Amino acid sequence: MNCLQDQFPQLVIDLDKLRKNLAALTGRCQDLLIEISPVVKAANALPEVARVMGEKARYLLTSRMDQVRRMKADGIATPIMMIRIPMLSELKEMVAFCDASLQSDLSVLRATEEAAARQGKTHSVILMQDLGDLREGFWYAEELVQAALEVEKQMPHLHLLGVGTNLSCYGSIKPDKRNMQGLASLAQEVEEAIGRPLEIVSGGASTSVYMVLDGSMPDKINHLRLGEIILNGTSGTGNPDFLHQDVFTLRAMVAECREKPSHPVGQLGLDAFGKTRVYQDRGIRRRAIVDVGRLDYGDPEDITPLQPGVQVLGASSDHTLLDVEDYPGDLKAGDVLEFGLSYGSTAFLCGSPSIHICYKNG
Ligand SMILES: *Cc1c(COP(=O)(O)O)cnc(C)c1O
């Protein structure tokens with residue numbers, strides 16, 4: 001491992017498992033002529049991760065300009081697609097650094113055309129259709145078709161790359177045959193209107209992968225934008241058994257370990273985050289504190305102890321409280337405990353300046 005191995009808390013990233021997850025998904029999608037664009041936003045576009053994810057990709061995707069800027073500075077050569085619908089205030093920089101973007105507003109498209117014209121560039125766009133999740137996208141198909149026509153005929157510095165949708169986000173709407181078929185029909189309408197085929201019909205994110213695996217994805221869908229399922233091997237619609245769920249491991253050092261009552265002593269008020277909490281009285285038990293907390297990973301429910309007999313009790317900004325009564329062995333200050341991570345805690349940890357990042361199998 002190439003990092004200061006005596007520094008904690010540590011986030012260990014296994015680049016070989018990451019590469020294998022990407023290859024396994026790419027293989028299965030390629031069989032159905034579906035292209036994968038890897039999304040690096042949750043890994044905070046860490047250069048080692050971005051390099052692995054971008055090795056064979058046509059585009060590397062992120063939602064944030066600061067990550068784009070950093071990837072360019074780090075010499076990541078894969079062209080970048082901005083997947084958060086851009087703000088007018090960032091168009092100049094976006095056009096300078098990103099080759100493509102997701103778009104859903106005609107006034108922003110017109111301003112993007114102007115920015116591209118001023119920089120003498122061609123910028124590719126994917127028009128987003130809202131199919132019920134109520135996040136970004138045109139609501140009426142006719143409106144998207146009109147916008148597509150205007151891009152195609154009147155915006156010489158924009159290239160209409162395709163159409164796409166986003167699901168399983170705000171509205172928790174699951175990708176299914178019905179909404180994917182809706183996107184396929186819309187793509188066909190746009191193609192008829194502009195008189196040529198679209199390169200990309202983007203059927204969503206990690207939660208759409210199950211339709212590739214069970215064979216229910218309509219033929220017309222030829223692109224997915226994948227983050228969680230590559231990074232964590234999980235998605236809200238299933239965790240394929242051929243993927244590694246331990247690309248990321250948190251390693252934290254025990255800073256205190258002793259027997260204490262399991263119920264707080266005194267008058268109960270609010271915790272550090274203003275919440276009323278319930279505590280179970282299990283008598284005197286052995287507890288440990290590791291020095292990593294909510295400021296680093298967000299929610300303590302999103303980290304899972306990997307050693308047996310260790311249970312997360314709760315956390316403050318800087319500490320995680322563990323019940324270690326059933327831990328087989330003698331745990332003491334200086335020992336290291338490991339935790340598996342969800343997508344959410346991975347995203348927080350990759351961006352935390354207090355975390356020491358270590359790469360394995362680079
Ligand atoms: C984050 C994001 C994705 C990737 O989502 P995952 O669930 O991580 O696969 C895809 N598209 C858009 C627009 C996103 O913002």
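As the structure is a computational prediction, the values presented were derived from the model and not from experiment. We count ligands from 1, going down the list as the structure has it; atoms in each ligand are counted the same way.
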> Would A205 count as a polar contact of ligand 1, with the cut-off being nitrogen or oxygen pairs under 3.5 Å?
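Checking ligand 1 against A205, no N or O pair falls under 3.5 Å apart.
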> Using heavy atoms and a threshold below 4.0 Å, how should the contact between R84 and ligand 1 be classified: side chain, backbone, both, or neither?
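The answer is neither.
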> Who's the nearest protein heavy-atom neighbour of atom 8 (O) of ligand 1, and how far?
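Answer for atom 8 (O) of ligand 1: Y343 OH, 2.6 Å.
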> For ligand 1, which atoms have a heavy atom of V39 less than 4.0 angstrom away?
4 (C)
> With heavy atoms under 4.0 Å as the rule, classify the contact between L102 and ligand 1 as side chain, backbone, both or neither.
side chain
> Taking the minimum heavy-atom distance to atom 15 (O) of ligand 1, which of R64, M82, K41, M128 ranks first?
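Ranked by closest heavy atom to atom 15 (O) of ligand 1, first place is K41.
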> Output the distance between atom CE (M65) and atom CZ (R84), rounded to the nearest 0.5 Å.
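Reported value, rounded in 0.5 Å steps: 10.5 Å.
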> Can you tell me which portion of R135 lies within the under-4.0 Å heavy-atom range of ligand 1? Options are side chain, backbone, both, or neither.
side chain
> Quick one: do R285 and E259 satisfy side-chain contact (heavy atoms from CB on, under 4.5 Å)? Show the steps, please.
CA-CA 5 Å; R285 292 180 69 87; E259 288 190 342; over 6 Å; no
> Taking distance alone, with no angle check, do E136 and ligand 1 share an N/O pair under 3.5 Å?
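No; the residue has no nitrogen or oxygen that sits under 3.5 Å from a nitrogen or oxygen of the ligand.
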> Roughly how far apart are S101 OG and L158 CG, rounded to 0.5 Å?
8.0 Å
> Side-chain donor-acceptor pair under 3.5 Å between S352 and D296, yes or no?
yes
> Establish, for the pair R225 and Y59, whether the NZ or CZ atom is under 6.0 angstrom from the six-membered ring centre and no further than 45 degrees off its axis.
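The answer is no, since R225 fails at least one limit relative to Y59.
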> Within the 4.0 Å heavy-atom shell around E228, which atoms of ligand 1 are there?
6 (P), 8 (O), 9 (O)
> Would you say R70 and N44 are linked by a side-chain donor-acceptor pair, where the criterion is simply a distance under 3.5 Å?
yes
> Which residue owns the protein heavy atom closest to atom 11 (N) of ligand 1, what's the atom, and how far is it?
R225 NE, 2.9 Å
> Does ligand 1 have any atom sitting under 4.0 Å from a heavy atom of I229?
no
> Looking at K56, I'd like to know if its NZ atom is crowded, meaning that more than 12 non-hydrogen atoms belonging to other residues, nucleotides or ligands lie closer than 6.0 Å.
no
> State whether F339 and R251 meet the cation-pi test: NZ (Lys) or CZ (Arg) under 6.0 Å from the six-membered ring centroid, and within 45° of the perpendicular axis.
no
> Can you confirm if the NZ or CZ of K17 lies within 45° of the ring axis of F248 and under 6.0 Å from the centre of its six-membered ring?
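No - K17 does not lie over the ring of F248 by the 6.0 Å and 45° rule.
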> Among A42, S206, S202, whose heavy atom sits nearest atom 7 (O) of ligand 1?
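It is S206 whose heavy atom sits nearest to atom 7 (O) of ligand 1.
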> Where on N166 is there a heavy atom closer than 4.0 Å to ligand 1, on the side chain, on the backbone, on both, or on neither?
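Side chain only.
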